[in-house]
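What's counted below: heavy atoms across the whole structure, side chains too, no hydrogens, waters or symmetry copies. Keep in mind the model is a prediction, meaning the values are calculated, not measured.
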Amino acid sequence: RASRRWCPPQSATMLGGLLRAARALPKSQAARQLSAGGSQAEHIEVMEKWKKISYVGIPAVALFGTMTMYNHFAHHHHSEPPPAYSHMKIRSKPFPWGAKDCDMWDFACKKTYWEEATD
């Protein structure tokens, strides 16, 4: 005798109904026929359909991609400096590299620092 796991009553009823329905199916319908269920002619027909869809779809994707790239690069991007908030760039001690007030990846700040230092 196999041990049975506990299931909530609703699940057990639903599971029992599904098992009875699966047992009632004829054996030919019980096996899953995924893509191997059609004839050779049906497979060729579906393949030709998807070829035609691809001949239209791939150029359409390329066209819309090109249009999107053009629209993106056609207008000028305005980069305004961010507002000087009082809670930003608070330094309790200087950084350990040469430009003591510049962040590690703030190359514009470092460039102005070294230009001022060489003058």
If you measure from CD1 on Ile58 to CD1 on Ile53, what distance do you get to the nearest 0.5 Å?
11.5 Å

Should Trp114 and Phe95 be counted in the same cluster of Ile, Leu, Val, Met, Phe, Trp and Tyr side chains packed under 4.5 Å apart?
no

Is there a continuous path of hydrophobic side-chain contacts, each under 4.5 Å between heavy atoms, that joins Trp50 to Met47?
no

Under 3.5 Å, side chain of [X] to main-chain N/O of [Y], donor-acceptor pair present?
X: Lys111; Y: Asp106; value: no
X: Glu116; Y: Tyr113; value: no
X: Trp97; Y: Cys102; value: yes

What's the shortest heavy-atom distance between Lys110 and Met104, and which atoms?
NZ-O, 2.8 Å

Pro59 to Ser54 - nearest heavy-atom pair and separation:
CD-O, 3.8 Å

Hydrophobic cluster mates of [X], side-chain heavy atoms under 4.5 angstrom, ILVMFWY only, any path?
X: Met69; result: Phe73
X: Tyr70; result: none
X: Val56; result: none

Using salt bridge (Lys or Arg N to Asp or Glu O under 4.0 Å) as the criterion, list what pairs up with Glu48, not counting sequence neighbours.
Lys51

Which pairs with one or both residues in residues 65-87 pass salt bridge (Lys or Arg N to Asp or Glu O under 4.0 Å), sequence neighbours excluded?
none

Side-chain atoms of residues 60-68: list all donor-acceptor pairs with protein atoms under 3.5 Å, sequence neighbours left out, distances to 0.1 Å.
{"from": "Thr66", "atom 1": "OG1", "to": "Ala62", "atom 2": "O", "distance (Å)": "2.8"}
{"from": "Thr68", "atom 1": "OG1", "to": "Phe64", "atom 2": "O", "distance (Å)": "2.7"}

